[in-house]
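Being a predicted model, the structure only gives us computed values, none of them experimental. Lettering of chains follows the sequences in order, A, B, ..., and the numbering in each one begins at 1.
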Number of protein chains: 2
Amino acid sequence: MKKDSTLPPPTLERLARLYVLLGKLQNQGLQAVSSKRLSELLGVPDHTIRKDLSFLREGLGTEQLTGKEKTGVGKPGSGLGRGYPLESLRVLIGAKLGLTHPRTACLVGLGNLGVAILNRRIWQEGVYRLVAAFDLSENRLELLSTKIPLYHARELEGVVRKYRIEIGILTVPPEAAQETADRLVRAGIRGIINFAPVVLTVKSNRVLVRNVSLAGELNILSAYLYQQEDVDG
Amino acid sequence: MKKDSTLPPPTLERLARLYVLLGKLQNQGLQAVSSKRLSELLGVPDHTIRKDLSFLREGLGTEQLTGKEKTGVGKPGSGLGRGYPLESLRVLIGAKLGLTHPRTACLVGLGNLGVAILNRRIWQEGVYRLVAAFDLSENRLELLSTKIPLYHARELEGVVRKYRIEIGILTVPPEAAQETADRLVRAGIRGIINFAPVVLTVKSNRVLVRNVSLAGELNILSAYLYQQEDVDG
DNA sequence: CATTAACTGTGAAATTTTTCACAATTATTT
DNA sequence: AAATAATTGTGAAAAATTTCACAGTTAATG
Ligand SMILES: NC(=O)c1ccc[n+]([C@@H]2O[C@H](COP(=O)([O-])OP(=O)(O)OC[C@H]3O[C@@H](n4cnc5c(N)ncnc54)[C@H](O)[C@@H]3O)[C@@H](O)[C@H]2O)c1
Ligand SMILES: NC(=O)c1ccc[n+]([C@@H]2O[C@H](COP(=O)([O-])OP(=O)(O)OC[C@H]3O[C@@H](n4cnc5c(N)ncnc54)[C@H](O)[C@@H]3O)[C@@H](O)[C@H]2O)c1
């Protein structure tokens with residue numbers, strides 16, 4: 001595996017989101033975008049976007065980029081087709097972030113939130129494969145109609161191991177979150193996206209956890225609003 | 001309104017999350033925590049936590065903090081009661097972030113995700129007041145049983161204006177997201193938490209938008225995993 | 001075909017954020 | 001009452017990230 005120098009975390013995270021945006025722009029039938037346009041769409045300054053994209057140059061293979069040479073991802077100049085060609089930019093970012101081969105995921109907890117996630121179109125797009133979903137309630141499992149394979153929660157470890165599931169999405173009640181996370185980790189999961197309002201303790205430092213916290217978002221939003229209020233008067 | 005110098009954004013966001021955590025620790029009956037413990041829980045280095053907390057000193061009122069003096073939020077020394085007293089730390093952060101007076105919020109789109117959010121305990125805690133929830137479907141509105149006032153989506157602008165709602169939580173289908181955001185903005189909303197997989201265009205720079213993007217989180221997680229794989233071999 | 005307009009790409013500077021390292025503090029133990 | 005252990009708070013140094021500014025590029029235009 002190629003040992004590209006790692007990206008600055010803020011750049012990595014912006015590129016990961018940019019990747020999503022590029023897909024949407026492609027679906028709109030566009031061919032190219034300028035850093036200025038991306039800037040408006042993403043709320044990130046245009047020079048930051050250009051700087052981020054400049055990291056795509058590294059480890060570009062055998063093309064022998066020598067010192068001063070330009071990456072040549074984007075096309076300068078005026079006119080409609082100018083800017084970054086969506087397709088090739090998306091491919092480059094995908095390669096850089098390792099989004100080229102599909103990842104397997106599972107979903108634990110099929111309540112309201114779990115079902116909302118189950119229904120997302122993202123699972124039809126092929127980049128992420130939702131290969132299993134679990135719940136404790138037999139009833140719940142019977143009622144749901146979906147193409148995703150459903151299992152009782154007791155089968156969690158077995159299924160995760162069997163399919164070598166890499167990512168777990170946690171949508172169980174708060175009381176069950178830590179225990180479920182422990183089970184996922186024991187079964188060899190590599191990353192968890194946690195929606196439960198709980199601070200998970202995950203000892204293994206091989207396992208990455210990302211928290212999606214409504215309370216956190218509300219507080220962050222309020223704090224920024226408060227700072228605005230301070231300034232405005 | 002006091003003109004405290006604004007916090008560094010990373011500090012603001014960490015404090016906003018820390019605030020949530022402190023509430024949970026209090027519910028566990030604890031009295032105090034050390035920066036080391038918080039570090040483990042939050043995945044943030046302990047010195048970063050101490051540095052963040054040092055910003056709480058600014059604008060602490062009439063206590064005349066002169067130069068070298070310590071804030072005195074946390075208590076040094078060994079023993080069980082040492083560290084930061086939960087209660088007072090939480091109050092200080094709350095004051096700094098403007099989390100002291102309740103904010104009003106509304107929820108638009110009562111599908112699976114909307115109902116999951118409607119059911120969250122956070123609305124019972126008093127810091128955020130969910131004063132309205134909207135949907136397009138009369139049917140849906142009739143079936144739901146909740147204490148939160150429900151309205152038909154056509155009443156959106158009127159209700160948001162009437163109750164001076166500050167925060168809008170967007171859980172409508174992607175097709176309806178931009179239009180709904182426009183309506184919220186027109187009605188004077190101050191912030192939006194957007195769950196729809198859409199990049200919202202919000203012209204007014206008085207309105208803050210925070211996106212909760214599953215696809216984004218999946219990509220970020222995958223990219224970090226990929227970097228790990230690169231290094232590990 | 002020269003000019004213009006609208007872009008990209010990037011090294012270097014500026015700024016922000018994190019890390020460091022240790023003096024100061026206080027309950028507990030000896 | 002001294003020694004010990006654990007912990008805060010912070011200025012200064014280091015590191016990371018963002019911003020700047022402009023040379024260079026390209027299609028369209030006159
Ligand atoms: N972060 C956010 O934005 C956000 C938004 C909404 C809800 N939430 C949280 O998401 C979680 C789910 O919310 P919901 O409204 O869908 O709850 P819910 O009660 O409707 O669903 C929970 C489901 O998990 C199942 N379950 C319980 N224990 C389990 C276990 N050990 N293993 C597998 N399945 C188990 C239950 O049978 C149920 O079907 C809650 O923790 C909620 O607080 C987070
Ligand atoms: N970010 C995340 O983590 C995440 C997770 C799950 C779902 N989602 C997204 O959240 C949204 C909702 O998901 P869901 O599963 O609840 O969908 P859903 O189809 O079950 O519910 C959507 C609801 O919105 C209502 N609605 C439609 N147009 C409306 C309008 N103009 N005004 C008011 N209400 C309107 C519908 O009547 C329906 O009740 C979708 O966009 C989905 O992609 C995001």
(message) Suppose the criterion is salt bridge (charged side-chain N to carboxylate O under 4.0 Å, His left out): which pairs have a residue in residues 213-222 of chain B, not counting sequence neighbours?
(response) A:Arg210-B:Glu217

(message) Does C:dC7 have its OP1 or OP2 closer than 4.0 Å to a side-chain nitrogen or oxygen of A:Arg37?
(response) no

Expressed as a whole number of angstroms, how long is the span from [X]:[atom1] to [N]:[atom2]?
{"X": "A:Leu53", "N": "C:dT8", "atom1": "CG", "atom2": "C1'", "result": "10 Å"}
{"X": "A:Lys36", "N": "C:dC7", "atom1": "NZ", "atom2": "P", "result": "6 Å"}
{"X": "B:Arg50", "N": "C:dC22", "atom1": "CZ", "atom2": "C1'", "result": "11 Å"}
{"X": "B:Asp46", "N": "D:dT10", "atom1": "CG", "atom2": "P", "result": "16 Å"}
{"X": "A:Ile49", "N": "C:dT10", "atom1": "CD1", "atom2": "P", "result": "16 Å"}

(request) Within residues 28-35 of chain B, find the residues that approach DNA chain D with a heavy atom at under 4.0 Å, and present them sorted by residue number. (result) B:Ser34, B:Ser35

(message) Within residues 83-90 of chain A, which residues have any heavy atom lying less than 4.0 Å from an atom of DNA chain D?
(response) none

Let me have the donor-acceptor pairs involving side chains of residues 16-33 of chain A, under 3.5 Å, with sequence neighbours excluded, atom names and distances please.
unit_1  : atom_1 : unit_2   : atom_2 : d
A:Lys24 : NZ     : B:Pro197 : O      : 3.2
A:Gln26 : NE2    : A:Glu87  : OE1    : 2.5

Could you list all N or O pairs between the protein and nucleotides 26-30 of chain C that sit under 3.5 Å apart?
unit_1 : atom_1 : unit_2  : atom_2 : d
C:dA27 : N3     : B:Ser78 : OG     : 3.4

Protein and nucleotides 14-18 of chain C: nitrogen or oxygen contacts under 3.5 angstrom:
unit_1 : atom_1 : unit_2  : atom_2 : d
C:dT18 : OP1    : B:Arg14 : NH1    : 2.8
C:dT18 : OP2    : B:Arg14 : NH2    : 2.8

(message) If the condition is side-chain hydrogen bond (donor to acceptor under 3.5 Å, both in side chains), which residues does A:Tyr84 pass it with, not counting sequence neighbours?
(response) none

(message) Could you work out, with side-chain hydrogen bond (donor to acceptor under 3.5 Å, both in side chains) as the rule, every residue matching B:Gln227, not counting sequence neighbours?
(response) none

Tabulate below the donor-acceptor pairs under 3.5 Å that side-chain atoms of residues 118-125 of chain B make, not counting sequence neighbours, or state none.
unit_1   : atom_1 : unit_2   : atom_2 : d
B:Asn119 : ND2    : B:Val115 : O      : 3.3
B:Arg121 : NH2    : A:Glu175 : OE2    : 3.1
B:Trp123 : NE1    : B:Ile117 : O      : 2.7

Please table the atom pairs, donor to acceptor, closer than 3.5 Å between any side-chain atom in residues 176-193 of chain B and protein atoms at least two apart or in another chain.
unit_1   : atom_1 : unit_2   : atom_2 : d
B:Gln178 : OE1    : B:Thr201 : N      : 2.8
B:Gln178 : NE2    : B:Asp182 : OD1    : 2.9
B:Gln178 : NE2    : B:Thr201 : O      : 2.9
B:Thr180 : OG1    : B:Ala176 : O      : 2.6
B:Arg183 : NE     : B:Glu157 : OE1    : 3.3
B:Arg183 : NE     : B:Glu157 : OE2    : 3.0
B:Arg183 : NH2    : B:Ala153 : O      : 2.9
B:Arg183 : NH2    : B:Glu157 : OE1    : 2.8
B:Arg190 : NH1    : A:Glu229 : OE2    : 2.9
B:Arg190 : NH2    : A:Gln228 : OE1    : 3.2

(message) If we count only N and O atoms by modelled type, under 3.5 Å, do the side chains of A:Tyr224 and A:Asn219 hold a donor and an acceptor together?
(response) no

(request) Scan side-chain atoms only and decide if B:Arg129 and B:Thr104 contain a donor-acceptor pair under the 3.5 Å cut-off. (result) no

(message) Please give me the minimum heavy-atom distance between A:Cys106 and A:Val160, naming the atom from each residue.
(response) SG-CG2, 4.3 Å

(message) Please check: side-chain N/O of B:Asn211 versus main-chain N/O of B:Ser213, any donor-acceptor pairing under 3.5 Å?
(response) no

Show me, pair by pair, the donor-acceptor contacts under 3.5 angstrom made by side chains of residues 37-49 of chain B, not counting sequence neighbours?
unit_1  : atom_1 : unit_2  : atom_2 : d
B:Arg37 : NE     : B:Glu40 : OE1    : 3.2
B:Ser39 : OG     : B:Val44 : O      : 2.8

(request) To the nearest 0.5 Å, tell me how far B:Ile167 CD1 sits from B:Leu107 CG. (result) 12.5 Å

(request) Quick one: list whatever passes side-chain contact (heavy atoms from CB on, under 4.5 Å) with A:Pro8, sequence neighbours left out. (result) A:Pro10, A:Thr11, A:Phe55

